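All figures in this text were calculated on a predicted structure; none of them were measured in a lab. Hydrogens, waters and symmetry mates play no part in the numbers below; they use all other heavy atoms, side chains included.
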Amino acid sequence: MTNHKSDTNSKSKSSNPQKIFIGVSWPYANGDLSIGHLAGQNVVCDVFARYHRLRGNEVLMVSGTDAHGTPVTIKAEELGLTPEETAEKFRLSQLDTFKKLNCAWDLFTTTETENHKTVARNLFQVMYAYGFIIPKNVKQYYDEEAKKYLADRYIEGTCPYCGNTKARGDQCNDGCERTLDPTDLIDPKSKLTGTTPVLKDHTILYFDLEKFQKDIGKLVKDRKNIWRKSVISVVKKWLKEGLRPRPVTRKLGYGVKVPIEEYKDQDIYVWFEAVMGYLSAAIEWAEKSGDPAKWEYFWKDPEAKHYYFIAKDNIPFHTFLWPAMLMAYNSKYTKGKFEPALPGETNADPLQIPYDVPSNQFLNMRGRKLSKSRGKLITANELLDDYDTDLVRYFFTRNAPENHDKDFIWKDLIDANNNELVANIGNFVNRVMTFTVKNFDEKVPDGKLDSKVQKAIEKALTSVADHFEKAEFTRAAEAALDLGHFANKYLNEEKPWITIKHTSYFEGETPEWKDEDFPAPQKPKEFLHNTIFNCIQIIRTFQIILDPIVPSTSDKIGSILNTPKKYDPNKELQEKGSISKHEDQWKFEEVPTGHKLGEPEILFTKLEYTEELEKADHPELVSVVVKEPIGHDFSKLDLGVVIGKITELKKHSKDDSAKIVKVDTGISGVLTIVCTATNLQVGQVVPVALPGSTVRSLDGKGKNKIKRSKVRGILSDGMLCGTYELGVGDEKKDILILPEHLEEHLGISLSRLNPSH
């Protein structure tokens, strides 16, 4: 990666810009974007692209809607539309969302274009010709009532691993998340008719992934210091189990037809075809630019770096499947055959494989994965309609689930706004600018850059840039906040509001100030002017480092300081569809003495954490309990006692009287608890006392504070409770079993179950 000098005026890189290709995973065209898309890939990709364009690098960022997946055909049937009509409907909806989100795409297209189909067939033909796609006899489920072969997602049954009864034929979604084959399912049913499908023999084509075991192993080794640990671990797991051939065609009835005569009645499997969209989108972009060969500039230069922004369920497709496909296709060049040429192709240089795959983990709600198919989501439009775009962008940059799954909590969004944007950055800017405009005739006073301020500015520019370069977005946001902490501390220590009281000294010679509130050795006028001068330079730095994350706020700062960008490549791209020049603008330039300032403006407005939002974070169960009262008043309970569901139960290896219980507590996660109760079964909903909560002591002498502790070598994360511990009964032996309908509300405090509460 590029090394940045800790110099406030770093040398321009425009003479030798990097080539950055950014591929962003393609959302299915079966619904609106959810906040899971924002947390997973569709904010940080734009932050990354904006940063590199500001550095003067040449960027091509592409994506589009995946129009051919089974989810699209399922949705089409629900809406009474054709798959093509459904795909177009949601493509336009998703484009509207990206416009609201202020994303600067080079191209956002669809897999339904003729260009994409041409490119996909080309890649398929070459891989088939060189022996990387092979036939296999298989059994595929057939719905005799519907008279059609079933795609994997049209089959539903029980997962053999976790018992989830709603597992799909391709994955145990909302269960253990394992990748499945339809034949793995217990009691499979057709989602078309509800009947039990039958297996029929026929021949389909497989991608011979097994041939790339060593190549992918080498790739992972080469990327060990570049890819995130969570990405590496996924690939290593697959490599350890051994890469195996994967099916790439099916009789689906919708999609890109297989370009091989004897298999022309089959379609290319969507997982295989959709990743080809990164290349087809680049080719489409080149054609629209007026230079059909321009895509080679990004795809065939060995110095070009390819980044793929995805969520963790797409890690396998981008870390070894897509690289293996590219390696297979590159045989066309290395073995001396240039044909068939791709659209606009002019040379036989190989295609570049992924450099980095910055995959985020899942965004959950109360411990459960967001899911279109299950209706568990908040749409991106809903969030953007209610909250400022820059707040949404900031939140999903600062709180991106980079290293582990995170829950979406409304209070976190409000706190990010109030405690960070408002209190840290916005408050500083407003205090300084209001003071300056009022007392200095709207001009920058005399001063020079203090060494400690210069050091803080240099550190911010370098640190934020370095984290962006490494796709470490939460740390980049933290580095920007660090400058805010420094800025507020500096302002509070310099106390210009005290110095200003002594303006009578500003005419003629000023004696050295003696007041204890003014400990500095300078004269008050010099000190005051210098303080404000330095504060304005910090604000100018905010304008630079915040630009990729909150571009509209950066523009506001430019308006406040009257320091608009001389050239904005991102805005030019959005307005004109292309970029005319490449200049490094990641450099600090002092706002000079006497510079005329603009009008002060509030950058961020404080938000209220309303009762409605609190209820969304901790849903009330009053309506449920009123219908089916559970017979106890929990209104006085400690809030640390929550609802959980037993997901696993086994004997303690060192204590026959104890059991090791896995309990899903929703927002608090899956806990391991050691318990001696005998009335427990998998699937029961039970009360769980979390560490830090207090319950009634079994000896009746007071309360017991729950701690995380080891029980015969097993770490117990909490305590399952009976009526006695909860203070609502006298049973000391058994755990209280709650109604099953409460399963959907895991993690909710029992104090909220009282209908009168």
Is there a side chain to side chain contact (heavy atoms under 4.5 Å, CB included) between Leu603 and Ile560 once you walk through the steps? CA-CA 10 Å; Leu603 293 182; Ile560 291 168; 3.9 Å; yes

Give the C-alpha distance, both sets of side-chain angles, the deciding distance and a yes or no for side chain to side chain contact (heavy atoms under 4.5 Å, CB included) between Phe408 and Asn399. CA-CA 9 Å; Phe408 178 76; Asn399 295 279; over 6 Å; no

Carefully, step by step, assess Asn381 and Thr97 under the rule side-chain hydrogen bond (donor to acceptor under 3.5 Å, both in side chains). CA-CA 6 Å; Asn381 282 338; Thr97 300; 2.8 Å; yes

Between Tyr394 and Leu421, does a side chain to side chain contact (heavy atoms under 4.5 Å, CB included) hold up when you go through it step by step? CA-CA 9 Å; Tyr394 173 79; Leu421 295 180; 3.8 Å; yes

Between Thr553 and Asp390, is the side-chain hydrogen bond (donor to acceptor under 3.5 Å, both in side chains) condition met? List the steps. CA-CA 7 Å; Thr553 299; Asp390 273 5; 2.7 Å; yes

Could you give me the CA-CA distance, side-chain angles and deciding distance for Ser559 and Glu601, then say whether side-chain hydrogen bond (donor to acceptor under 3.5 Å, both in side chains) is met? CA-CA 9 Å; Ser559 177; Glu601 183 179 355; 4.8 Å; no

Under the side chain to side chain contact (heavy atoms under 4.5 Å, CB included) criterion, do His582 and Glu58 qualify, and how do the steps go? CA-CA 7 Å; His582 302 280; Glu58 297 180 77; 3.5 Å; yes

Going through the distances and angles, do Thr65 and Gln94 end up as a side-chain hydrogen bond (donor to acceptor under 3.5 Å, both in side chains)? CA-CA 8 Å; Thr65 53; Gln94 291 173 7; 5.1 Å; no

Mind running ring-ring contact (aromatic ring centres under 6.0 Å, His included) on Phe298 and Trp285 for me, showing each step along the way? CA-CA 11 Å; Phe298 287 95; Trp285 165 81; 5.8 Å; yes

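Salt-bridge formation is not detected for the pair Arg475/Asp466: no Lys NZ or Arg NE/NH1/NH2 atom is positioned less than 4.0 Å from an Asp or Glu carboxylate oxygen. A salt bridge links Arg393 with Asp46: at least one charged nitrogen is closer than 4.0 Å to a carboxylate oxygen. The pair Lys99-Asp96 does not meet the salt-bridge criterion, since no charged nitrogen lies less than 4.0 angstrom from a carboxylate oxygen. Salt bridge annotation for Glu478-Arg398: present, with a cationic side-chain nitrogen under 4.0 angstrom from a carboxylate oxygen. Between Asp555 and Lys571 a salt bridge is recorded (basic side-chain N to carboxylate O distance below 4.0 Å).
Taking 4.5 Å as the limit, every side-chain heavy atom of Val392 sits out of range of all side-chain heavy atoms of Thr389. Taking the side chain as every heavy atom from C-beta outward, Phe395 and Asp412 approach each other to under 4.5 Å.
Relative to the ring axis of Tyr567, Lys581 places its NZ or CZ within 45° and under 6.0 Å from the centre. Geometrically, Lys305 engages Tyr355 in a cation-pi contact defined by less than 6.0 Å to the ring centre and at most 45° from the axis. Stacking of Lys406 on the aromatic ring of Phe362 is not recorded, the 6.0 Å distance cut-off and the 45° axial limit not both being met.
Considering every non-hydrogen atom in both Pro592 and Val444, the closest pair reads O-CB, 3.4 Å. Pairing each heavy atom of Tyr490 with each of Val453, the nearest pair is CE1-CG2, 3.7 Å. Pairing each heavy atom of Lys587 with each of Ile544, the nearest pair is O-CD1, 3.3 Å. Cys45 and Ile22 make their closest contact through O-CD1, 4.4 Å (heavy atoms, listed as atom of the first residue, atom of the second, distance). Closest approach of Tyr278 to Ser25, counting heavy atoms only: OH-CA, 3.3 Å.
Summarising the geometry, atom CD belonging to Glu590 is positioned 10.0 Å from atom OG1 belonging to Thr541; distances are rounded to the nearest 0.5 Å. Between atom CG of residue Leu561 and atom CE of residue Met433 there is a gap of 5.0 Å, rounded to the nearest 0.5 Å. In this structure, the separation between CG on Leu483 and CD1 on Ile539 is 10.5 Å, given to the nearest 0.5 Å. Here Ser554 contributes atom OG and Arg50 contributes atom CZ; the two are 9.5 Å apart, rounded to the nearest 0.5 Å. To the nearest 0.5 Å, the span separating NZ on Lys470 from CD1 on Ile226 amounts to 11.5 Å. Atom OG1 in Thr593 sits 10.0 Å away from atom NE2 in His529 (nearest 0.5 Å).
Each of Asp106, Asp547, Asp568 was scored for a salt bridge (charged side-chain N to carboxylate O under 4.0 Å, His left out) with Arg53, with one residue passing: Asp106. Evaluated for a side chain to side chain donor-acceptor pair (under 3.5 Å) with Asn360, the options Gln41, His404, Arg228 yield exactly one hit, Arg228. When each of Ile536, Asp441, Asn562 is tested with Leu597 by the rule side chain to side chain contact (heavy atoms under 4.5 Å, CB included), just one qualifies, namely Ile536.
Classification of the Phe21-His306 ring pair by plane angle, with boundaries at 30° and 60°, yields tilted. Note on ring orientation: taking the six-membered ring where Trp is involved, the planes of Phe98 and Trp105 are perpendicular (angle over 60°, cut-offs 30° and 60°). Between Phe48 and His52, the ring-plane angle classifies as perpendicular under the 30° and 60° cut-offs. Using bins of under 30°, 30° to 60° and over 60° for the plane-to-plane angle, the ring pair His318/Tyr308 lands in the tilted bin. Using bins of under 30°, 30° to 60° and over 60° for the plane-to-plane angle, the ring pair Phe473/Phe309 lands in the tilted bin.
Between the Gln543 side chain and the Thr563 main chain, a donor and an acceptor come within less than 3.5 Å of each other. In this structure a side-chain-to-backbone donor-acceptor pair under 3.5 Å is missing from His37 to Val43. Side-chain atoms of Ser463 do not come within 3.5 Å of backbone N or O of Ala460 as any donor-acceptor pair. Looking at Asp584, its side chain never comes within 3.5 Å of a backbone N or O of Gly56 through a donor-acceptor pair. Counting only distance, with no hydrogens or angles, the side chain of Asn57 and the backbone of Gln18 share a donor-acceptor pair below 3.5 Å. Panel note: side chain Trp26, backbone Gly277; no donor-acceptor pair is recorded below 3.5 Å. One N or O on the side chain of Asn492 and one on the backbone of Asn488 form a donor-acceptor pair closer than 3.5 Å. Between the side chain of Arg540 and the main chain of Gly558, no donor-acceptor pair closer than 3.5 Å is present. Listed for the Ser63 side chain is a donor-acceptor partner under 3.5 Å among the backbone atoms of Val24. Between the side chain of Glu494 and the backbone N or O of Leu491 there is no donor-acceptor pair closer than 3.5 Å.
The closest side-chain donor-acceptor pair between Asn424 and Asn419, if any, does not fall under 3.5 angstrom. Residues Ser93 and Asp32 have side chains that bring a donor and an acceptor to within less than 3.5 angstrom of each other.
Proximity of the aromatic rings of Tyr609 and Trp410 is defined here by a centroid distance below 6.0 angstrom, and this criterion is not met.
Within 6.0 Å of NZ in Lys596 there are more than 12 heavy atoms belonging to other residues, nucleotides or ligands.
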